[in-house]
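Below, each value reflects all heavy atoms present in this structure, side chains not excepted, and no hydrogens, waters or symmetry copies. Every chain is numbered from 1, with letters handed out A, B, ... down the list of sequences. In this text the structure is predicted, and so the values were computed from the model without any measurement.
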Amino acid sequence: MDSGSIPVGDLSGGLDLQATLESGQTFLWRREDGRAYETADATGGSAWYYTVVGWNDDADPEVVRARQRDGMVEWEATTDADSLLADRLRLDDDLPAIFDRIPDDPLLADARDAYRGLRIVDDPFFPCLVSFICSAQMRVGRIHGMQTALAREFGETVRFDGETYHGFPTPDRLARATEDELRELGLGYRAPYVRRSAELVASGEATSEDVRGLDYADAREAMQTFVGVGDKVADCVLLFSLGYLEAVPLDTWIQTAIADYYPDCEKGSYAETSDAIRAAFGGEFAGYAQTYVFHYLRNRG
DNA sequence: GACCAGGGCCGTC
DNA sequence: GACGGCCATGGT
């Protein structure tokens, strides 16, 4: 077993591992106590989280677990995980510099202060895509449960520290799953969307490489060649996997925030409202502001 | 039993 | 391009 630690004090803006992993932006980590991510609570503050990486065909799956305790991120893994954690958790993002570019109106300031150290994640494309296809009309806890079920049923297994772990299924494996098999995992009407999008990726007919590098507006449109992906899911994948930090997914919570705090930003269509709230959130890093607001509103009761 | 959840697809206008 | 009906499912 490999292990290491990362001093949180060395990170500009620090880190809140629990808020980062339980804020509904990634569904690829699981808490060792098995609790779903329906609500954040104090007991999870120093819990172990684990994930399986190298889920694609050209690498063996590796297990990484991490926890935040005493000013450190401690990790244990089947391989060296320092750079992997830095990439996945965007530990090089300079949070103070980012918030310098985000307006500090009362809502944004409260959300920032409530979850200092919350970072946008950088998830692998295919698992992120599937997660957010599954997210349609679904609560955070159940989206997480669906991804756990997909891994359990169709993912590669790997042994670590006496336990068996499951990686996220490959595009090819999900493309070969039947719609009924996916429905049995509780995916409902999303089942054919997941299967057809997996086919597109597995065949190479549409991949992340068709999106990466495009400017934001073209990237959001290109994402919608995947099945089950409209404007909102496209924005989520752009933000949480492809590094488009200006993307502002307009979900029900953000729509509520617009109605309550930014009524002038309501423009009728997704595109125009999205542009307006992106401007209100400071443009370049608006997705950071969005994720703080989402997590803040969803947890304040 | 209605209502809601990190919406998208499809037919119609 | 805008709009409505429809799509599963479990929790409150």
Would you kindly give the [atom1]-to-[atom2] distance between [X] and [N], to the nearest whole Å?
{"X": "A:E272", "N": "C:dA2", "atom1": "CD", "atom2": "C1'", "answer": "12 Å"}
{"X": "A:I143", "N": "C:dG11", "atom1": "CD1", "atom2": "P", "answer": "15 Å"}
{"X": "A:M223", "N": "B:dG8", "atom1": "CE", "atom2": "P", "answer": "11 Å"}
{"X": "A:M138", "N": "C:dA8", "atom1": "CE", "atom2": "P", "answer": "12 Å"}
{"X": "A:K232", "N": "B:dC9", "atom1": "NZ", "atom2": "C1'", "answer": "17 Å"}
{"X": "A:D231", "N": "B:dC9", "atom1": "CG", "atom2": "P", "answer": "10 Å"}
{"X": "A:Y193", "N": "B:dC9", "atom1": "OH", "atom2": "P", "answer": "6 Å"}
{"X": "A:L297", "N": "B:dA5", "atom1": "CG", "atom2": "P", "answer": "13 Å"}

| query | Which nucleotide, C:dA2, C:dG10, B:dG7, lies nearest any side-chain atom of A:V233? | reply | B:dG7

| request: Name the closest nucleotide to the A:D251 side chain, picking from C:dG10, B:dG7, C:dA8. | output: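 Closest of the options to the side chain of A:D251: B:dG7.
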
| said: Show, in sequence, the C-alpha distance, side-chain angles and deciding distance for A:Y49 and A:T20, and conclude whether the side chain to side chain contact (heavy atoms under 4.5 Å, CB included) test is met. | reply: CA-CA 11 Å; A:Y49 296 85; A:T20 298; over 6 Å; no

| For A:L118 against A:S23, the heavy-atom pair lying closest together |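 Between these two residues, the closest heavy atoms are CD1-OG, 3.6 Å.
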
| request: Provide the closest heavy-atom pair for A:E156 versus A:P61 in the form atom of the first, atom of the second, distance. | output: CB-CG, 4.2 Å

| Interface residues of residues 174-189 of chain A with DNA chain C (non-hydrogen, below 4.0 angstrom) | A:R183, A:G188, A:Y189

| Just checking A:Q25: base, sugar-phosphate only, or nothing, at a heavy-atom cut-off of under 4.0 Å? |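 Base, at least one base atom sits under 4.0 Å.
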
| query | Is A:F240 touching bases, backbone alone, or none of the nucleic acid, heavy atoms closer than 4.0 Å? | reply | base

Classify the angle between the aromatic ring planes of [X] and [Y] as parallel (below 30°), tilted (30 to 60°) or perpendicular (above 60°).
{"X": "A:W253", "Y": "A:F294", "answer": "perpendicular"}
{"X": "A:Y216", "Y": "A:Y244", "answer": "tilted"}
{"X": "A:Y115", "Y": "A:H295", "answer": "tilted"}
{"X": "A:Y292", "Y": "A:Y288", "answer": "tilted"}

| message | Ignoring hydrogens and geometry beyond distance, is the side chain of A:R190 in donor-acceptor contact with the base of C:dC7 at under 3.5 Å? | response | no

| If we take the C1' atom in both C:dC3 and B:dA5, what is their distance in whole Å? | 22 Å

| task | For B:dG8 and C:dG11, measure between their P atoms and round to the nearest Å. | result |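 Straight-line distance between the two P atoms is 24 Å.
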
| said: I want to confirm an ordering. Mapping A:V227 and A:S135 to their closest nucleotides on DNA chain B, which one lands closer to the 5' end? | reply: A:S135

